[in-house]
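Proteins come first, then strands; the chains are lettered A, B, ... in the order of their sequence lines, and each starts at number 1.
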Amino acid sequence: MAIKNIREAINETLHHEMERDPNVIVLGEDISGGAGTPSGKREAIGGIWGTTGGLLPKFGAERVIDTPISESAIVGAAAGASLAGKRAVAELMFADFIGVCFDQLYNQIAKFRYMFGGDVSCPVVIRLIYGAGMNSAAQHSQAMYSFLTAVPGLKVVTPTNAADAKGLLTTAIRDDDPVMFFEHKALYTKKCEVPDGEHLVPFGRASLVRQGDAATVVAIGRMVSFAEKTADKLASEGIGVDLIDPRTLSPLDEDTIIDSVEQTGRLIVVDESPPRCSVAGDIAATVAAKAFSSLKAPIELVTAPHTPIPFARELERAYVPGPDKIEASIRRCVGYQ
Amino acid sequence: MAIKNIREAINETLHHEMERDPNVIVLGEDISGGAGTPSGKREAIGGIWGTTGGLLPKFGAERVIDTPISESAIVGAAAGASLAGKRAVAELMFADFIGVCFDQLYNQIAKFRYMFGGDVSCPVVIRLIYGAGMNSAAQHSQAMYSFLTAVPGLKVVTPTNAADAKGLLTTAIRDDDPVMFFEHKALYTKKCEVPDGEHLVPFGRASLVRQGDAATVVAIGRMVSFAEKTADKLASEGIGVDLIDPRTLSPLDEDTIIDSVEQTGRLIVVDESPPRCSVAGDIAATVAAKAFSSLKAPIELVTAPHTPIPFARELERAYVPGPDKIEASIRRCVGYQ
Amino acid sequence: MTIGKDDLLRMYRQMRTIREFEERLHLEIQTGEIAGFTHLYSGQEAVAVGVCDLLDHADTIVSTHRGHGHCIAKGCDVTAMMLEIYGRADGLCNGKGGSMHIADFEVGMLGANGIVGGGPPIAVGAAIAARIDNSDRVSVAFGGDGSSNQGTVFEAMNMAVVLKAPAIFVFENNGYGEHTGADYAVGANDIRSRSEAFGMLSLAGDGNDVFDVRDKMAAALKHARAGSGPVSLEFATQRYFGHFEGDPQRYRAKGEVDEARTSVDCLKQFREHATVIAADISDELDAIDKAVLELIDSAVATAKSAPPPTADDVLTGVYGTY
Amino acid sequence: MTIGKDDLLRMYRQMRTIREFEERLHLEIQTGEIAGFTHLYSGQEAVAVGVCDLLDHADTIVSTHRGHGHCIAKGCDVTAMMLEIYGRADGLCNGKGGSMHIADFEVGMLGANGIVGGGPPIAVGAAIAARIDNSDRVSVAFGGDGSSNQGTVFEAMNMAVVLKAPAIFVFENNGYGEHTGADYAVGANDIRSRSEAFGMLSLAGDGNDVFDVRDKMAAALKHARAGSGPVSLEFATQRYFGHFEGDPQRYRAKGEVDEARTSVDCLKQFREHATVIAADISDELDAIDKAVLELIDSAVATAKSAPPPTADDVLTGVYGTY
Ligand SMILES: Cc1ncc(C[n+]2csc(CCOP(=O)(O)OP(=O)(O)O)c2C)c(N)n1
Ligand SMILES: Cc1ncc(C[n+]2csc(CCOP(=O)(O)OP(=O)(O)O)c2C)c(N)n1
Ligand SMILES: [Mg+2]
Ligand SMILES: [Mg+2]
């Protein structure tokens with residue numbers, strides 16, 4: 001075991017998987033950087049988030065591919081390479097850019113296996129860097145995993161700590177289905193113990209981050225960190241909650257969520273996305289349909305408002321659901337008679 | 001009043017609004033047809049769904065614009081024209097094609113007003129022809145209004161009869177916000193009485209299609225027709241339900257839904273989309289959060305399965321939620337103690 | 001390229017099979033037994049066959065909504081295709097894909113595509129894979145004149161150039177995108193020049209002359225297999241039927257199709273050329289006509305009597321594991 | 001085109017204002033007071049000014065992530081821009097947009113854009129509107145070399161040709177898309193030829209020479225305002241700072257920027273040309289330097305002391321009515 005942050009865990013996992021399997025390739029914009037520049041020096045950047053550094057020197061430009069600014073071609077090429085025997089890992093430097101390649105994600109990659117009769121595999125991983133917290137404004141801060149969770153044929157993963165980042169990315173790369181791997185830009189420096197050597201986290205298994213019987217809190221992505229703080233604060237007051245990190249949104253570990261709600265009778269879902277057709281709503285609906293008899297209080301949804309993401313510090317801070325909002329919702333839910 | 005089908009209602013509304021306001025323009029692929037062909041004859045088709053026929057002869061090629069197969073440019077051009085004083089009505093001949101123009105919809109059109117400080121209007125209407133029922137398979141049959149309902153800044157409309165089609169399209173064209181107008185391909189020939197002259201249906205007002213106190217059924221798009229049949233059948237057995245057609249998914253008329261659930265205590269939501277992050281789930285979550293104390297039974301979600309849409313007749317029939325499934329859910333919900 | 005008699009017979013059989021397949025579908029569709037949208041390839045056979053004749057199963061192609069001809073030329077089983085188009089359980093895609101989504105990876109057919117411009121980026125990926133494998137495989141993307149206005153196609157061409165990928169972009173300019181003419185929708189209507197501007201070898205040819213198509217493809221293969229990067233080929237051709245079956249075709253000039261069928265038809269031209277190269281070939285060509293007719297008859301008969309999928313099949317084949 | 005002294009002074013003031021605005025931001029950003037990603041325009045001033053000098057407020061432009069120069073050249077208020085970049089309530093977009101989303105419809109500035117290639121389709125729409133109004137307005141889309149690989153840009157160019165829309169596509173080839181060179185990412189690295197292949201008037205020029213830019217733009221305007229359709233202009237230029245503030249710029253050649261600043265700098269060149277045209281102009285140029293410096297000083301001071309928006313503002317301005 002060693003302490004690592006998420007950025008390091010992802011970089012090491014990419015190195016490890018590329019060593020392990022010569023069919024693994026990586027592509028995206030400025031994955032290495034420096035191609036065709038006056039300096040001629042490659043590795044000018046190693047990915048703008050620093051997650052793909054060192055890959056090109058070690059594995060060469062054939063397998064570590066810097067691309068033009070052409071997301072449809074990036075995702076499509078990743079798909080085509082994966083249909084032809086590779087395991088392509090493509091980076092969308094901002095998840096917000098799914099807008100310019102959405103067809104390749106939702107009409108192509110997601111549907112190949114089904115449309116073609118069930119036997120065809122497209123083992124591609126799309127790494128999407130998402131989330132607010134850097135004042136990148138409306139087009140560079142979104143948490144839109146709901147769009148891809150909605151799409152049959154895709155798997156959606158949202159690691160929230162370095163150990164899971166390693167375990168889930170390893171599973172994603174070795175998985176025979178297309179995986180949308182969401183990395184929160186504000187979590188890259190989050191540190192924790194990471195198992196050495198082989199470490200796989202299975203899809204569809206939530207992790208129980210905190211335990212308690214007063215309520216069930218399901219938090220997604222960066223919201224897990226906020227909910228941890230809140231849970232610890234409330235615990236010190238004797239209000240213990242189950243804090244569940246689904247880890248994968250598709251498949252979703254309904255059992256763990258429902259089992260917990262059957263114990264606590266109360267559900268709070270925390271999601272950085274706007275509320276409409278969100279993963280928060282999706283989980284709430286599932287519980288309202290499948291654990292209704294256990295519910296003792298209205299389901300609380302803690303989400304961003306139904307607005308685009310504003311630029312100014314004060315506005316973004318007010319936009320993102322924070323520990324205060326989470327605490328208020330938990331108290332309201334627990335207090336409901 | 002006169003009997004018209006939805007295709008006729010939409011075509012007449014486009015004619016009427018273009019006559020009324022010289023700033024209204026229409027664009028899309030084969031809106032008129034025949035441009036640059038050996039015959040040289042325009043109006044070769046009048047829109048592949050026949051909804052834009054007669055516009056070009058009457059209003060000319062400047063305002064009725066046949067475009068290349070370039071959806072990003074179509075939606076972007078509609079947006080730009082609308083920022084520059086026009087009211088553009090663009091057709092996506094299959095809603096499934098949002099994949100190749102999604103950025104213009106969700107990062108551009110939806111966000112202009114907010115990003116630019118709140119005073120800018122982009123009064124554009126995107127007509128999206130959607131839905132299963134014609135065995136058009138995985139890429140030409142989807143009902144993905146959830147993707148756009150999720151996007152702050154957009155309004156989403158789903159007319160289910162000719163009168164509403166006229167009233168909602170009129171409102172959409174005169175609205176100063178971007179409106180996503182979903183037309184179900186299997187409903188075009190559905191007929192009903194349509195008011196003559198000016199007829200506007202306000203956004204955010206659901207219609208109560210059937211009345212009863214045993215349960216609340218919310219159905220979307222084509223599902224309304226199926227739910228009507230089921231409701232009438234059950235009514236003849238003395239099981240009366242409130243059948244609610246939201247008509248607009250964004251804004252959503254939560255009050256009408258919640259008021260009904262407060263009477264009936266039971267909710268069934270019927271949606272042609274797959275279940276994850278769907279409008280069905282969205283409505284269920286809203287009710288679970290805001291009308292919990294009234295609920296007497298688990299919320300029933302009647303949706304398509306979490307699969308792409310299959311081609312074969314037998315498969316598509318099994319994929320689309322039909323009256324049988326709706327009936328079973330209502331009975332289960334009403335029977336729950 | 002020198003062409004032997006077997007080459008002639010093989011190419012003719014392929015073209016005739018496509019023609020027969022499509023002409024027969026045109027009739028069968030009118031019975032209402034076939035569901036969905038069907039886009040027929042009749043008239044364009046020389047392109048699919050001239051391009052695919054020099055490929056082997058290791059080489060891959062991606063196709064379009066008008067994909068039957070590409071599938072047959074690449075070696076898909078005709079009966080399995082017919083079953084798919086009829087939506088049968090034993091169809092090439094178990095009835096889940098239909099006419100617009102036929103694929104057969106065994107023969108290097110990576111899929112038809114219902115999205116105009118959906119294929120080329122995917123073809124570039126397959127080409128990248130070929131490069132990484134140090135193989136001399138190539139990857140072909142078919143597309144129409146209308147598709148040359150879709151952004152994804154340009155992105156794919158540029159990326160192929162940047163990565164020197166062995167991708168070959170084949171544009172079939174049949175003069176129409178649905179009900180609109182290429183003279184209107186394709187600025188300058190010169191797809192070869194669009195491709196050339198990215199810095200790739202770009203050739204244009206006569207899509208009604210299978211020999212010309214094959215020669216251009218031979219040049220493209222020489223270039224791509226040698227690792228010299230992508231190639232673009234534009235072929236002028238025409239479709240004999242509507243955009244989809246049911247198209248009223250009001251955009252046609254009077255007698256346009258009859259004229260094409262009698263003057264530039266690829267099969268007609270082929271017979272003329274072929275008899276010059278091999279005087280005694282006509283009987284063998286007639287024999288092929290007969291054999292193909294029987295093949296299509298039996299494919300249709302098999303499809304009509306084959307069992308449909310069952311409702312449970314809807315839920316299978318979404319994921320490998322879930 | 002003949003150029004009078006007022007023209008010279010006006011253009012110089014604009015270029016100097018942009019330069020000062022950006023050089024000052026470069027310093028202020030290091031204090032940590034400015035949030036988000038900022039992409040500076042220093043080095044490229046001659047393009048924005050040469051292009052916008054002949055436009056009036058009725059003409060529209062759409063810009064990119066690197067939009068400050070375009071905004072200033074089109075007439076946006078410099079202090080209101082500074083307030084926006086500082087995220088203040090009285091910013092041009094009330095602090096909701098920030099550096100990447102500045103717009104001011106009053107002066108025909110239809111918005112910067114955080115999405116590479118997001119703007120050109122929108123510009124085509126504005127051009128269509130100009131046509132419908134029978135006005136002689138034009139619509140300009142700015143973009144970089146990297147954006148010339150984004151599908152949306154090609155779609156926009158083709159559609160503009162097809163609709164003969166008065167759109168002018170201005171490509172600023174500064175040699176880089178982020179950390180990657182145009183020589184690598186832009187196949188053939190010849191954007192002019194890409195545009196020409198769609199059948200539009202396409203010119204290339206020296207982006208460091210505001211007079212050349214202005215001449216090319218004059219030709220473009222003559223063409224577009226006359227209803228002869230769209231135009232594409234490619235200008236070679238360079239950016240002095242990193243892609244965004246904070247960029248380590250490991251891709252630079254040694255002394256690359258210093259070399260550019262001393263040899264081809266647009267302001268330096270301008271002074272040389274200007275004094276040839278009007279010998280006595282340097283004092284006035286010096287006066288402009290001084291005035292601009294004061295303007296930027298006061299803009300920064302105003303921005304620093306201005307109040308931020310309040311939490312409630314998050315919820316406003318999403319819809320006109322809802
Ligand atoms: C992205 C997208 N836009 C529009 C369509 C509808 N459509 C299907 S085929 C077609 C015309 C394609 O023309 P072309 O590329 O010339 O191929 P052809 O039909 O002539 O073989 C159109 C517009 C589509 N399937 N996908
Ligand atoms: C669709 C999309 N892809 C990627 C990015 C990230 N990005 C922002 S600017 C940029 C480089 C653009 O290069 P260029 O067009 O040459 O403009 P320049 O930065 O040189 O002014 C990239 C890749 C983006 N904003 N949008
Ligand atoms: Mg065509
Ligand atoms: Mg650049």
* Which portion of T149(B) sits near chain A, non-hydrogen atoms under 4.5 angstrom -> both

* Asked: Measuring heavy-atom distances to chain B, does Q104(A) have an atom under 4.5 Å in its side chain, in its backbone, in both, or in neither?
  -> neither

* Asked: What part of T307(A) gets closer than 4.5 Å to chain B, counting heavy atoms only: side chain, backbone, both or neither?
  -> both

* Asked: For S293(A), is it the side chain, the backbone, both or neither that has a heavy atom under 4.5 Å from a heavy atom of chain B?
  -> both

* Asked: Under a 4.5 Å heavy-atom cut-off, does chain B meet the side chain of Y336(A), its backbone, both or neither?
  -> side chain

* Under a 4.5 Å heavy-atom cutoff, which of P305(A), S146(A), C101(A), A284(A) has the most pairs with chain B? -> S146(A)

* Spatial distance of atom OG (S250(A)) from atom NE2 (H306(B)) [nearest 0.5 Å] -> 4.0 Å

* I309(A) versus chain B, heavy atoms under 4.5 Å apart: side chain, backbone, both or neither? -> backbone

* Structure fact -> Applying a strict 4.5 Å limit to non-hydrogen atoms, the region of A297(B) in contact with chain A is backbone

* Asked: Is any side-chain heavy atom of P310(B) less than 4.5 Å from a side-chain heavy atom of Y114(A)?
  -> yes

* Taking P308(B), G281(B), C333(B) one by one, which has the highest count of heavy-atom pairs under 4.5 Å against chain A? -> P308(B)

* Note, I299(A) side chain near F292(B) side chain (heavy atom, < 4.5 Å) -> no

* **R276(A) side-chain N/O to L249(B) backbone N/O, donor-acceptor pair under 3.5 Å** => yes

* Ring centroid separation for Y106(B) and F102(A), is it under 6.0 angstrom? -> no

* Structure fact -> Bottom line for Q139(B): the part with an atom under 4.5 Å from chain A's heavy atoms is both

* Answer yes or no: is there a donor N or O on one side and an acceptor on the other, between the side chain of D103(B) and the main chain of G99(A), under 3.5 Å? => no

* Could you look at V151(A) and say if it's the side chain, the backbone, both or neither that has a heavy atom under 4.5 Å from chain B? => both

* **Closest non-hydrogen atom pair between A150(A) and C277(B), with its separation** => CB-CB, 4.1 Å

* To do: Indicate the atoms forming the closest heavy-atom contact of A138(B) with N107(A), along with that distance.
  => O-OD1, 4.3 Å

* Structure fact -> Interface check, chain B: of Q142(A), M144(A), M115(A), most non-hydrogen pairs under 4.5 Å belong to Q142(A)

* Separation between CG of D282(B) and CG of D282(A), rounded to the nearest 0.5 Å -> 10.5 Å

* Asked: Is it the side chain or the backbone of P275(B) that comes within 4.5 Å of chain A heavy atoms, both, or neither?
  -> backbone

* Asked: So which part of A291(A) gets closer than 4.5 Å to some heavy atom of chain B, the side chain, the backbone, both or neither?
  -> neither

